[in-house]
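Here is the structure we will look at.
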Amino acid sequence: MRIGIPQEIHAGERRVATTPEVAGKLIKLGFTVALQKGAGIAADLADEAYSEVGVEIVEDVSRLWADSDIVLKVRAPEPHPGLGCHEVDLLREGATLVSFLWPAQNPELMDRLAGRKATVLAMDSVPRISRAQKLDALSSMANIAGYRAVIEAAQNFGRFFTGQVTAAGKVPPAKVFVIGAGVAGLAAIGAANGLGAIVRAMDTRPEVKDQVKSLGAEFVSVDYQEEGEGTGGYAKVMSEGYQKAQAEAIAKQCREVDVVITTALIPGKPAPKLITEEMVQSMQDGSVIVDLASEQGGNCACTVPGQVVQRHGVSIVGYTDLPSRMARQSSQLYATNLLRLLEELCTAKDGLAVVNMEDEMIRGATVVKDGEITWPPPAPRLSAAPPAGAKPAAAAPVVPEKKPLIPPALQPLVVLIAAGLALAWLGTVAPAAFMSHLMVFVLACFVGYMVIWNVTPALHTPLMSVTNAISSIIAIGALIQVSAPGFMMTLLAGIALILTTINMVGGFAVTQRMLRMFRRSE
């Protein structure tokens, strides 16, 4: 089968659906690959690089569409400005199209594709299951968008992100607040933390709290009890009570931070308005808001999609093409996602793609099959229920709980009394010298325990601090015995002193080496 990759015609779109590296792997699967001339130029991918791996370069875009069994695109088909027709009309009848499509927002496009008797796989409809992670182009693009959002914020921010002490004075670190800790939000947190900013994050799903903290950010909780986990790993629409409490928390952060990055978006719904104009007005002059949901209306009331605007001294970045601003990297990741999809369609590696509707992963991504609209897909399969009529397992017999003879609260006291009685009896039968040595032994254990376990691990890990404390006790004992009479005692004390010194010096050396691992290289 022949794969065609046309040039993207959407305004400002610089990505391309495959790269020379991935195209070579598609050819190894048995496909022939054709590329529209100049399709990869905007992503810094020359036609010559494609030709070297065996890709055919085609100048006539109409012929490219007409001769292709499978068309790979980034953006959904739209009217072609140069040909005066819609891209769907260029698609050969019965051919296969793979691209982002957003079927819920484009019912007319779906009908048009069905009229061409096409088979269409939407990369935005790939189900959120473990097997399909390698096809998850949404996460690939969201990762880039989150990273690029921080770069755009730094571009429009008038200060360093990291704190610095200079000859001209001290510069405090920037404070960054990320709303939404999905893929894009976590990427933004990591990038902002890497630039040295103080990062805070908020999400309706409390289970992402650990992920936020693991990236070095502070999790901002909303003072309202409600679960925010929706289907497919996305957040759900929250109640009015939660939204009010959330708005108060966001307003407080807006007054304190320098940069706000919003990523809140629920598939198939307009972006929720989380930042009001009053919140923008409360921000410090020179602050920045980067709205990743601008293409769906934006999370900020002042966002203008595709533009950077100034409102009340705050720069509001509403770019809708953040992945396209890193076109080469985005193209590589998206092309890899498409490659994994085609590997699933062409398991025999014979260049024939078969859309298996019995495969849950392929079924979820397929929105049109041979001219029939198959979207939305059925709900994901759940674990098989037990067969009808199956008898439940017999319940385990109830064993009456045995009550202890001594209540738990009195057990330590009983042990202490028993130990005291045992020592009193031992004192009546043991010689006086034995009791004297026993008392010294008990006091030594107590003092040693208190000395060792109360050491503060300021320069070590907790384990290293304990071992060094033990070594210090041994060193003190060796120093006392090194001047004792007798050559053998002096020798043994000297050896103990040397070994413990090596252990303590090694502990400091290992600690310093560990600390250097976490220092940024200059």
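By convention here, the first residue in the shown sequence is residue 1. Predicted model only: the values in this text are computed from it and were never measured.
- If you check the side chains of H86 and E78, you find no donor sitting under 3.5 Å from an acceptor.
- In summary, E344 and R131 engage in a salt bridge, as defined by a charged side-chain N under 4.0 Å from a carboxylate O.
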* To do: Check the pair T303 / D291 against side chain to side chain donor-acceptor pair (under 3.5 Å), numbers first and verdict last.
  => CA-CA 7 Å; T303 297; D291 194 340; 2.7 Å; yes

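- Counting heavy-atom neighbours within 6.0 Å of K209 NZ, excluding the residue itself, gives a total of 12 or less.
- In this structure, L35 and L64 have side chains that are not in contact, with every pair of non-hydrogen atoms separated by 4.5 Å or more.
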* Run the numbers on D47 and K37 for side chain to side chain contact (heavy atoms under 4.5 Å, CB included), then give the verdict. => CA-CA 7 Å; D47 292 339; K37 183 177 176 61; 3.4 Å; yes

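- Contact of the V288 side chain with the D258 side chain is not registered, since no non-hydrogen atoms from C-beta on lie closer than 4.5 Å.
- Within the model, atoms CD1 of I179 and CG of D203 stand 10.5 Å from one another, a figure rounded to the nearest 0.5 Å.
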* **Stepwise side chain to side chain contact (heavy atoms under 4.5 Å, CB included) test for T96 and V120** => CA-CA 6 Å; T96 300; V120 182; over 6 Å; no

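- The CD atom of Q281 sits 12.5 Å away from atom CZ of R255, with the distance rounded to the nearest 0.5 Å.
- Using a distance-only test at 3.5 Å, with no hydrogens or angles considered, no donor-acceptor pair links the side chain of T366 to the main chain of K369.
- Counted within 6.0 Å of NZ on K273, heavy atoms from surrounding residues, nucleotides or ligands total more than 12; the atom is thus considered enclosed.
- Annotation: ring-ring contact (aromatic ring centres under 6.0 Å, His included) contacts involving residues 301-349, sequence neighbours excluded, comprise F100-Y334.
- Side-chain atoms of Y50 come within 3.5 Å of backbone atoms of T18 as a donor-acceptor pair (strictly under, hydrogens ignored).
- Side chains of S139 and D136: a donor on one and an acceptor on the other come within 3.5 Å.
- Going from atom CE of M1 over to atom CG of D350 covers 10.0 Å, rounded to the nearest 0.5 Å.
- For the pair S330 and R325, the minimum side-chain heavy-atom distance is 4.5 Å or more.
- Residue pairs meeting the salt bridge (charged side-chain N to carboxylate O under 4.0 Å, His left out) criterion with at least one member in residues 11-24, sequence neighbours excluded, are E13-R15, E13-R75, E21-K25.
- Partners of E343 according to the salt bridge (charged side-chain N to carboxylate O under 4.0 Å, His left out) rule, which considers only residues two or more places apart in sequence or in another chain, are R340.
- With sequence neighbours excluded, the residues that form a salt bridge (charged side-chain N to carboxylate O under 4.0 Å, His left out) with E256 are R200, K252.
- Annotation: side chain of L274 is in contact with side chain of Q246 (closest heavy-atom distance under 4.5 Å).
- With contacts defined as side-chain heavy-atom distances shorter than 4.5 Å, the pair I261/V259 qualifies.
- Enclosure of atom CD in E59 is not indicated, since only 12 or fewer non-hydrogen atoms of other residues, nucleotides or ligands lie within 6.0 angstrom.
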* To do: Check step by step if side chain to side chain contact (heavy atoms under 4.5 Å, CB included) holds for L265 and L292.
  => CA-CA 9 Å; L265 196 59; L292 293 185; over 6 Å; no

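- Annotation: Y242, atom OH; neighbour count of heavy atoms from other residues, nucleotides and ligands within 6.0 Å is above 12.
- Using a 4.5 Å heavy-atom cutoff, the side chains of F161 and V150 are in contact.
- Partner of C300 under the side chain to side chain contact (heavy atoms under 4.5 Å, CB included) criterion, out of V317, V280, T262: V280 alone.
- Put simply, the side chain of P127 does not reach to within 4.5 Å of the side chain of P377, judged on heavy atoms.
- Taking CD1 from I189 and CG from L215, the interatomic distance works out to 6.0 Å, rounded to the nearest 0.5 Å.
- Summarising the local packing, CZ of F157 is surrounded by more than 12 heavy atoms from other residues, nucleotides or ligands at distances under 6.0 Å.
- Side chain of N299 to backbone of I275: no donor-acceptor contact under 3.5 angstrom is found.
- The distance from atom CD1 of I289 to atom SG of C254, rounded to the nearest 0.5 Å, is 6.0 Å.
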* To do: Step by step, work out the side chain to side chain contact (heavy atoms under 4.5 Å, CB included) result for V257 and S287.
  => CA-CA 8 Å; V257 302; S287 298; over 6 Å; no

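- Judged purely by atom type and a 3.5 angstrom limit, E8 has no side-chain atom pairing as donor or acceptor with the backbone of K73.
- Take E56 and apply the salt bridge (charged side-chain N to carboxylate O under 4.0 Å, His left out) test, not counting sequence neighbours, and it matches R2.
- A salt bridge links E152 to R148: one of the charged nitrogens lies within less than 4.0 Å of a carboxylate oxygen.
- The closest side-chain heavy-atom distance from V71 to V98 is not below 4.5 Å.
- A salt bridge does not link R311 with E277: every distance from a Lys NZ or Arg NE/NH1/NH2 to an Asp or Glu carboxylate oxygen is 4.0 Å or more.
- Going from atom NZ of K28 over to atom CG of L339 covers 11.0 Å, rounded to the nearest 0.5 Å.
- Applying the ring-ring contact (aromatic ring centres under 6.0 Å, His included) rule to pairs touching residues 108-127 yields nothing, sequence neighbours excluded.
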